[in-house]
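Chain letters run A, B, ... following the sequence lines, proteins first and then strands; every chain starts at 1. Owing to the predicted nature of the structure, the values given are computational and were not obtained by experimental measurement.
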2 protein chains.
Amino acid sequence: MARDWNDVLRDHGFRITPQRQLVLEAVNSLGHATPEALLTEVQKTASAVNLSTIYRTLEVLEQVGLVTHAHIGHGAPTYHSVDDEAHIHLVCDTCSVVTSIHADVAEVFVRLLREKAGFETDVAHVSVHGQCATCVDRQKLL
Amino acid sequence: MARDWNDVLRDHGFRITPQRQLVLEAVNSLGHATPEALLTEVQKTASAVNLSTIYRTLEVLEQVGLVTHAHIGHGAPTYHSVDDEAHIHLVCDTCSVVTSIHADVAEVFVRLLREKAGFETDVAHVSVHGQCATCVDRQKLL
DNA sequence: CTGACTGCAAAAGGTTTGCAAAAAG
DNA sequence: CTTTTTGCAAACCTTTTGCAGTCAG
């Protein structure tokens, strides 16, 4: 596992660079991370790395299937390793907390979309907005 | 119906202005629209209206519950009338086409999220990424 | 060596803000 | 008249791009 990421890149005609290795490691170690957060992490090791390199690297890594991203909230997308278990992001519009839940809960939903619309859902990319348990409870008290 | 939008605003302590009326009308007539698109629409009637007014107005209209927005793709959010039937956006990551499907298909999904995570889903806000029927078919041919 | 990759700086896209003038109630 | 709302311009933040130098293969 630790050695085939570079094969994946090479197989797609990309070169192996320290920057790419660092970004990939940062994605793996941070779990969920915005480009900005990845930059900070990468710069702990290599302070000269530029933000635009992060973006370009993520594009490459995503293209070869080593990472994916999901759109949470308004601002920044978050990237995570493809190795991670498929999960869905639940974004609370009240308190902005993001929780994850196993993608299994979407099984029926995904099947319905396939049957009714011929749509193949990328489960990991889904982000669901609404109100988290905590905020729902808090609201009941008022 | 045509007359109570201003009551809604007033009840929340907001004032009635031509700009707010025009933005609301634009949201209703365009169905799905980005702030930029709304500006263009509004300017057909009142060319002096400014983009920042559009943003501020949308914020107010959303706050009082007359419109909502959804995050489709990377770029701009799209706003629509709350009167619209609840629907889910299916975003094709291959061809970028956005289709809508009635929110009923998410019923089981929403129930599961409520039961398993206590999460109350805002169905209309969900945008689902994946591959549309057309692109799925096209890929099979290759 | 040669083309892919990087750093830098500047541009672009979308959204927000401060302020003075205009309009609503 | 008082307070909100607007227009304008500038600031902001995130992402993208052009270019020249650097590095991987």
Item to complete: Note down the inter-axis angle between the two ends of the helix from C/dC1-D/dG25 to C/dG25-D/dC1, five pairs each, to the nearest 10°.
Response: 30°

Discussion item. Taking ring pair (Phe, Tyr, Trp, His ring centres under 6.0 Å) as the definition, give me every residue that meets it alongside A/Tyr79, ordered by chain and number, with sequence neighbours left out.
Written reply: A/His69

Practice prompt. Report the distance from atom CD of A/Gln21 to atom P of C/dC5, rounded to the nearest whole Å.
Written response: 16 Å

Item to complete: Could you tell me which residues satisfy side chain to side chain contact (heavy atoms under 4.5 Å, CB included) with B/Val64, sequence neighbours excluded, listed by chain and number?
Response: B/Val8, B/Leu9, B/His12, B/Phe14, B/Leu66

Practice prompt. List the steps and the verdict of side-chain contact (heavy atoms from CB on, under 4.5 Å) for A/Ile16 and A/Gln21.
Written response: CA-CA 8 Å; A/Ile16 311 304; A/Gln21 177 176 0; 5.9 Å; no

Item to complete: With sequence neighbours excluded, tell me which residues meet salt bridge (charged side-chain N to carboxylate O under 4.0 Å, His left out) with B/Glu85.
Response: none

Item to complete: Kindly write out the residues that satisfy side chain to side chain contact (heavy atoms under 4.5 Å, CB included) with A/Asn28, not counting sequence neighbours, or none if the list is empty.
Response: A/Leu24, A/Ser81

For residues 126-134 of chain B, please give each side-chain donor-acceptor pair under 3.5 Å, one per line with the distance, not counting sequence neighbours.
| from | atom 1 | to | atom 2 | distance (Å) |
| --- | --- | --- | --- | --- |
| B/Ser127 | OG | B/His71 | O | 2.7 |
| B/His129 | ND1 | B/Asp93 | OD1 | 2.8 |
| B/Gln131 | NE2 | B/Thr94 | OG1 | 2.8 |

Discussion item. By the salt bridge (Lys or Arg N to Asp or Glu O under 4.0 Å) test, which pairs, at least two apart or in different chains, include something from residues 19-37 of chain B?
Written reply: none

Discussion item. If I compare all heavy atoms of B/Val42 with all of B/Ala26, which pair ends up nearest, and what's the gap?
Written reply: CG2-CB, 4.0 Å

Response to the item:
Between CD of B/Glu59 and C1' of C/dG14 the distance, given in whole Å, is 15 Å

Practice prompt. Figure out the CG/C1' separation between B/Leu39 and D/dC8, and round it to whole Å.
Written response: 13 Å

Worksheet item: What residues form a side chain to side chain contact (heavy atoms under 4.5 Å, CB included) with B/Ser100, not counting sequence neighbours?
Response: B/His32, B/His87, B/His89

Discussion item. Counting primed atoms plus P, OP1 and OP2 as sugar-phosphate and everything else as base, spell out the protein contacts along nucleotides 20-25 of chain D at 4.0 Å heavy-atom distance: B, S or - for each nucleotide, 5' to 3'.
Written reply: ----BS

Worksheet item: Taking atom P of D/dT4 as reference, at what distance in whole Å does atom CG of B/Leu9 sit?
Response: 15 Å

Worksheet item: Which residues, if any, of residues 44-54 of chain A bring a heavy atom under 4.0 Å of DNA chain C?
Response: A/Ala48, A/Val49, A/Asn50, A/Ser52, A/Thr53

Discussion item. OP1 or OP2 of D/dG7 versus the side-chain N and O atoms of B/Gln19: is any pair under 4.0 Å?
Written reply: yes

Worksheet entry | Set of side chain to side chain contact (heavy atoms under 4.5 Å, CB included) partners for B/Gln19, sequence neighbours left out | B/Thr17, B/Val49, B/Thr53

Item to complete: Measure the distance from OH on B/Tyr55 to P on D/dT6 and round it to the nearest whole Å.
Response: 16 Å

Practice prompt. Mind calculating the distance between NE2 (B/His12) and P (D/dT4) to the nearest angstrom?
Written response: 17 Å

Worksheet item: Just one of B/Arg138, B/Lys140, B/Gln139 clears the side chain to side chain contact (heavy atoms under 4.5 Å, CB included) bar with B/Val136, so which one?
Response: B/Lys140

Discussion item. Strictly below 4.0 Å: does B/Arg20 bring a side-chain N or O up to OP1 or OP2 of D/dT5?
Written reply: yes

Worksheet item: What are the residues of residues 24-36 of chain B, sorted by number, that bring a heavy atom to within less than 4.0 Å of DNA chain C?
Response: B/Pro35

